[in-house]
Amino acid sequence: MLTNLQIADIFEEMADILEFQGENPFRVRAYRNGSRAIRDLGESIAAIAVSDPARLVEFDDIGKTIAEKTVTLVETGELPQLIKLRKEVPATVLAMMRIQGLGPKKAAVIFKELGVATLEELKTACEEGKIQALKGFGKKTEQMILDGIPLAAEAETRILWHDADQTAQALREHLETCPSIEKLELAGSYRRRKETIGDLDVLVVSSDVKQVMDRLGEFPGVATVLARGETKMSIRLDTKLQIDLRVVPARSFGAALQYFTGSKEHNVELRGRAKQQGLKINEYGVFRVEDGEETYLGGQTEKEVYDLLELPVFPPELRENRREYEWAAQGKLPELVELDDIRGDLHMHTTETDGSATLEEMVAAARERGLKYIAITDHSQRVSMARGLDPVRLRAQWKQIDALRETLPKSFTLLKGIECDILEKGGMDLPDDVLAEADWVLASIHYGQKQSRQQITERLLEAIENPHVTCIAHPTGRLLNQRPPYEVDLDAVLLAAQKHHTLLELNANPRRLDLNDTYCAAAKAHGIPIVVNTDAHAVEHFDFMRCGVLQARRGGLTKADVANTHTWLQMKKMMKK
DNA sequence: GCCGTTTTCGGCCCGACTGTTTTCAGTCG
């Protein structure tokens with residue numbers, strides 16, 4: 001069965017090829033929108049295509065054509081039209097469009113006029129001066145292409161939000177020394193707290209544009225200045241991260257902040273609504289349009305912009321044009337969970353396995369950070385590389401915990417836990433009688449991640465049904481930029497977790513953030529509480545909680561939806577008996 | 001290709017910057 005991701009990628013590829021071929025841009029966009037709708041769906045589109053294909057067109061951005069193609073894809077595993085398109089435009093040609101400044105039109109000219117079909121051939125063509133000879137091209141374009149090839153050749157890796165955050169903080173401090181800056185804000189996917197970031201968008205109100213741009217040019221690690229105009233400047237850092245600066249008038253700051261925070265899809269929807277009301281929104285403000293005359297209505301703050309559209313100020317994390325407009329219309333915009341709401345952390349390691357801090361150090365660090373309860377969850381024996389615990393060592397650790405508990409105030413709860421592996425052949429890595437003694441049992445898959453969808457799903461279902469397993473840790477196993485999620489029937493996992501009152505983890509490690517935002521939303525829809533855990537292997541890792549909470553917010557989770565915002569006593573009532 | 005309290009046809013967000021141009025197309029966000 002094809003996953004949503006696989007199907008979404010196929011429609012994305014269709015869009016890429018059609019765009020390259022100069023198709024109607026709205027048709028291209030329709031494919032992209034359809035792809036996105038499928039990618040963001042919290043349930044299996046393939047399953048729907050099999051059981052109830054008529055339901056497909058009920059989803060936004062999926063019409064008759066994409067629904068039919070989805071059914072064909074699920075039934076036959078292929079799409080005749082795509083096979084034909086792939087012959088016309090090989091994937092290596094599409095790779096050329098990853099070069100900054102080279103879009104479908106120019107790429108098509110290069111392919112048609114010179115027969116250049118790979119990045120390697122493109123490099124040669126540039127070096128031989130063949131590109132600048134093409135009509136509409138010149139010396140500078142050729143150089144830009146040549147410069148852009150190495151970056152495009154790298155597999156597309158976006159920077160982790162957590163890493164971008166370091167740069168963002170440094171950039172803010174660097175620019176804030178500029179005396180002419182009155183306001184400064186970081187927008188874009190960084191502000192929306194996406195798990196990975198393509199570039200940083202900086203927005204500034206300043207009386208001296210030149211001073212701000214000069215200052216940006218002095219930011220440590222600047223590799224190249226990509227563009228510099230009257231109000232806009234782009235640079236690229238040695239780390240490959242691109243930074244876009246916009247300088248706007250004060251009365252436009254809110255409009256610009258709204259505009260550059262995006263997402264693009266959220267803004268397209270907003271602009272469409274404005275238009276229906278005879279308004280126009282751009283980065284300079286909200287305007288009334290009458291007889292070709294534009295009157296400025298507002299835009300100093302984001303609130304002014306949304307107020308004029310009679311919409312709430314959406315938290316940036318929700319601005320993805322998923323459900324937020326629908327929620328706003330119903331007056332049911334969720335009050336998103338906040339870092340301060342978190343009371344406990346139920347996934348962490350010590351020096352007993354692969355952690356770098358002792359039990360005592362972890363407890364002290366947790367208390368310093370104001371946590372009210374934690375569970376020590378070292379690895380089980382199967383994880384030999386981390387010196388996982390067998391029953392004897394585990395019980396010895398629990399004895400230590402008993403002793404340590406004597407020294408702790410009543411207001412702090414130290415729980416006996418374990419991160420128990422789900423074995424390759426199925427079943428848990430520790431016997432039931434051992435698990436029964438624990439306060440908290442995480443079950444997780446570390447081995448056999450390449451097994452079939454059916455095998456992995458069965459392993460997870462068995463763990464969920466196990467009466468001693470309280471929570472499934474990092475449920476999809478992905479590592480951002482490194483390893484895709486394992487093949488798993490998440491619909492089945494959600495249904496089983498709902499039925500057996502097994503909780504699901506949102507692992508806050510910035511490389512994991514697993515569950516992702518859409519699955520968090522799906523879990524919420526099933527009434528399954530999410531536990532946000534840091535999986536700390538060192539005391540500093542407790543700070544990952546912030547990343548986990550931001551991801552939970554993107555999933556639309558409220559305080560009530562996150563289990564470890566409750567007291568440990570309250571939480572126990574959410575767990576299986 | 002998708003969609004509908006203007007519409008089942010005719011729209012589909014909007015502007016900055018660059019390079020190659022003699023007035024604008026392409027690209028990007």
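Worth saying up front: this structure is predicted, and the values here are computed from it rather than measured. Just the heavy atoms: all of them, side chains too, but no hydrogens, waters or symmetry mates, feed the values below. Chain letters run A, B, ... following the sequence lines, proteins first and then strands; every chain starts at 1.
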Problem - P atoms of dT21(B) and dT27(B), separation to the nearest Å - result: 15 Å
Exercise for the section: Using a heavy-atom cut-off of under 4.0 Å over every strand shown, decide if Glu269(A) touches base, sugar-phosphate, or nothing. Expected result: nothing
Handout entry: Separation of the C1' atoms in dC3(B) and dT8(B), to the nearest angstrom
Key = 9 Å
Handout entry: Plane angle bin for Tyr296(A) and Phe287(A) - parallel if under 30°, tilted between 30 and 60°, otherwise perpendicular
Key = perpendicular
Exercise for the section: Could you run through nucleotides 20-29 of chain B and give me one letter per nucleotide, 5' to 3': B if any protein heavy atom sits under 4.0 Å from the base, S if only the sugar-phosphate is that close, - if neither? Expected result: SS----SSSB
Practice task
Would you tell me whether Asn267(A) and Gln258(A) have side-chain atoms, one donor and one acceptor, within less than 3.5 Å of each other?
Solution key: yes
Practice task
May I ask you to verify if any side-chain N or O of Asn33(A) is less than 4.0 angstrom from the OP1 or OP2 atom of dC2(B)?
Solution key: no
Practice task
Pick the C1' atom in dT20(B) and in dG26(B), then give their distance to the nearest Å.
Solution key: 11 Å
Exercise for the section: Pick the P atom in dC12(B) and in dC17(B), then give their distance to the nearest Å. Expected result: 25 Å
Exercise for the section: Determine: side-chain N/O of Arg27(A) to OP1/OP2 of dG1(B), distance under 4.0 Å, yes or no. Expected result: yes
Practice task
Taking atom P in both dC28(B) and dT23(B), compute the distance separating them and give it to the nearest angstrom.
Solution key: 25 Å
Problem - Residue pair Gln143(A), Lys139(A): steps toward the side-chain contact (heavy atoms from CB on, under 4.5 Å) verdict - result: CA-CA 6 Å; Gln143(A) 191 59 43; Lys139(A) 260 190 150 68; over 6 Å; no
Exercise for the section: Have a look at Tyr31(A) and say if it touches a base, only the backbone sugar-phosphate, or nothing, with a 4.0 Å heavy-atom cut-off. Expected result: sugar-phosphate
Practice task
Starting from the 5' end of DNA chain B, give me the residue, Asn282(A) or Ala67(A), whose nearest nucleotide shows up first.
Solution key: Ala67(A)
Review item, side-chain donor-acceptor pairs of residues 543-550 of chain A, under 3.5 Å, at least two apart:
from, atom 1, to, atom 2, distance (Å)
Asp543(A), OD1, Arg369(A), NE, 3.2
Arg546(A), NH1, Asp165(A), OD2, 3.1

Handout entry: Residue-phosphate contact under 4.0 Å: Arg29(A) side-chain N/O, dC13(B) OP1/OP2
Key = yes
Exercise for the section: Would you mind telling me which of dC2(B), dC17(B), dC13(B) lies closest to the side-chain atoms of Ala30(A)? Expected result: dC2(B)
Exercise for the section: Kindly confirm or rule out a cation-pi arrangement of Arg193(A) over Tyr190(A), judged by NZ or CZ under 6.0 Å from the six-membered ring centre and within 45° of its axis? Expected result: yes
Practice task
For the pair Tyr325(A) and His266(A), name the ring-plane relationship: parallel under 30°, tilted 30 to 60°, perpendicular over 60°.
Solution key: parallel
Exercise for the section: May I ask you to decide whether Glu320(A) forms a salt bridge with Arg554(A), counting only side-chain N to carboxylate O separations under 4.0 Å? Expected result: yes
Practice task
Give one of base, sugar-phosphate or nothing for Thr231(A), where a contact means two heavy atoms less than 4.0 Å apart.
Solution key: sugar-phosphate
Exercise for the section: Check every strand shown and say whether Leu270(A) touches a base, only sugar-phosphate, or nothing at a heavy-atom separation below 4.0 Å. Expected result: nothing
Practice task
Rounded to whole angstrom, note down the C1' distance from dT7(B) over to dC2(B).
Solution key: 14 Å
Exercise for the section: Summarise protein proximity over nucleotides 3-9 of chain B in one line of letters, 5' to 3': B for base, S for sugar-phosphate only, - for none, counting protein heavy atoms closer than 4.0 Å. Expected result: S--B---
Problem - Contact check, side chains of Glu294(A) and Arg288(A), non-hydrogen atoms, under 4.5 Å - result: no
Handout entry: Distance-only side-chain donor-acceptor flag, Ser180(A) / Ser206(A), under 3.5 Å
Key = yes
